[in-house]
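FYI, side chains are in, hydrogens and waters are out, and symmetry mates aren't considered; it's all heavy atoms of this structure. Each chain gets a letter, A, B and so on, in the order its sequence line appears, and its residues count up from 1.
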2 protein chains.
Amino acid sequence: MSEQGWQQGPGRTNKATRSDPGGITEELTPRQQEVLEVILGCVEQEGRFPSIREIASRLRLASPATVFQHMEALETKGCLRRRGRRWMLDPKVRRDQGIPIVGRVAAGSPLTAVEQIEGQLSADFLGLRKGRFGVRVVGDSMSGEGILEGDYAIVDPAATISNGDLVVAYLGEEQEVTIKRFFKHPWGIELRPANPRYETMRVCEGDPSLRMAGKVVGLMRRF
Amino acid sequence: MSEQGWQQGPGRTNKATRSDPGGITEELTPRQQEVLEVILGCVEQEGRFPSIREIASRLRLASPATVFQHMEALETKGCLRRRGRRWMLDPKVRRDQGIPIVGRVAAGSPLTAVEQIEGQLSADFLGLRKGRFGVRVVGDSMSGEGILEGDYAIVDPAATISNGDLVVAYLGEEQEVTIKRFFKHPWGIELRPANPRYETMRVCEGDPSLRMAGKVVGLMRRF
DNA sequence: CAGACTACCAAACAAACGTTCGGTATGCAA
DNA sequence: TTGCATACCGAACGTTTGTTTGGTAGTCTG
């Protein structure tokens, strides 16, 4: 029988994915991509995993078994996971809220020129990860390097700090928050500001008046 | 009977929430907050809504009915929604990936000092919303205002531009991307750089060599 | 051609699900 | 003391779920 209105399977025409330069959802057939897309959209918009029958109805498929097969394929390809009878997204396919980075735009709105998209500006891209924290920049001791009062520095307390890195440290009795450039010498530690009006700080290693909070991995500013 | 090990309901001791200055989850009882917390955690980590029995087991509750009641309360308070028999998060309680902004920290890791958390650094906070796009900063014409080469400017093409705002514009025959400060005069438009080594640009209104891309609403930098 | 792969179907099953009901316990306010 | 709200229980009901089975069909490779 073939009196139904479904779109027939395109056979082996679909080898892999052409889009997605990121490479996360590589090697998915178009149909598998569509299934993933429905799931991602549902999770993003409503915060819940759609049921197999719901995915089927959105893709106008009459049988849950069809979607089930696609999901099994997505599982072996690492996009989905199962715990018991419950499906969940693999963390790597989670898309966080982001906006495109555009290059030069010939005409029209940059958002319609897909060819010009060079990447994605997202929380992940900025380094907004668990275990890190933000510090509001006070003072202008780093204004020489484009770090202004009111900016937010993103700090990773777990990162290893090398010479020349920007660090956040708590200084002195008041344990004031400061951003400086870190240098380690045989005689101790040097914290150098970018603004020459401020003094470079030098302390011995192990001085209790200096506590390192972590390495500055990002900066954000709002206008 | 009371031979069980469950923590007894604290009665009317709990009138509302003391934490959460944002005010989204206001007026939730501690238990309701815990239920919401479990749900949010599950949605964030795994991208699926937990079953009522799963929430119950995480909170060490023996009956799904208990969680069900809490969820009904969360629904009337606007945190959860239902479509048929399916539960979903209300969009306003969705937390996007973010890190805490800490102030001064007296001791220990800043991440354990909850009292010092002043806010949340998130994609939303930076303005990473739909309809906006990012542009990589080229050149040092705005270095006087802390905008350096390699930074990413977040641009809102829909925002109304006022005098003094930072804007992204496409200039000249090459339609080069530039960030400048915008001023409108009776005779036309002025685009002023922050670096005095660059010239201020002045064009008549309607000049085709100038196309405004939008207002700069945020900036991010990676180290 | 056969074999492999994608894509889809209908029907059925057991497990898990949301939900309802009736009940107990506790603390607070009227 | 009565009333009300929060907080929890166990048992049960009907629905929805993920899953399995067995099948058809198209398209590409060898």
**Asked** For R86(A), which contact category applies under a 4.0 Å heavy-atom criterion: base, sugar-phosphate, or nothing?
**Response** sugar-phosphate
**Request:** Quick one: label A73(A) by what it contacts on the DNA or RNA (base, sugar-phosphate, nothing), any heavy atom closer than 4.0 Å.
**Result:** nothing
**Message:** I'd like to check K215(A) versus F182(A) (side-chain heavy atoms, cut-off strictly below 4.5 Å). Are they in contact?
**Reply:** no
So, OP1 or OP2 of [N]: does either fall under 4.0 Å of a side-chain N or O from [X]?
X	N	value
H70(B)	dC8(D)	yes
R31(A)	dC8(C)	yes
T66(A)	dA7(C)	no
S63(B)	dA11(D)	no
T29(B)	dA7(D)	yes

**Prompt:** Which of the following nucleotides, dA7(D), dA10(C), dA7(C), is nearest to the side chain of A65(A)?
**Reply:** dA10(C)
**Asked** Taking the side chain of F68(A) as heavy atoms from C-beta outward, which of dA7(D), dT19(D), dT20(C) is closest to it?
**Response** dT19(D)
Separation of [X] atom [atom1] from [N] atom [atom2], in whole Å?
X	N	atom1	atom2	result
L59(B)	dT6(D)	CG	P	17 Å
R85(B)	dA16(C)	CZ	C1'	11 Å
L61(A)	dA10(C)	CG	C1'	14 Å
R53(A)	dA16(C)	CZ	C1'	13 Å
I52(A)	dA12(C)	CD1	P	19 Å
E72(A)	dT6(C)	CD	P	13 Å
W87(B)	dC17(C)	CH2	P	15 Å
Q69(A)	dG18(D)	CD	P	15 Å

**Asked** F49(A) ring centre to R86(A) NZ or CZ under 6.0 Å, with the angle to the axis within 45°?
**Response** no
**Item:** R48(A) and E54(A) ion-paired at < 4.0 Å
**Value:** yes
**Prompt:** Hey, is CZ on R81(B) packed in by over 12 heavy atoms from elsewhere, all under 6.0 Å?
**Reply:** no
**Request:** Flag yes if more than 12 heavy atoms outside Q45(A) fall under 6.0 Å of its CD atom; otherwise flag no.
**Result:** no
**Prompt:** Ignoring hydrogens and angles, does a donor from either the side chain of S51(B) or the base of dA16(C) sit under 3.5 Å from an acceptor on the other?
**Reply:** no
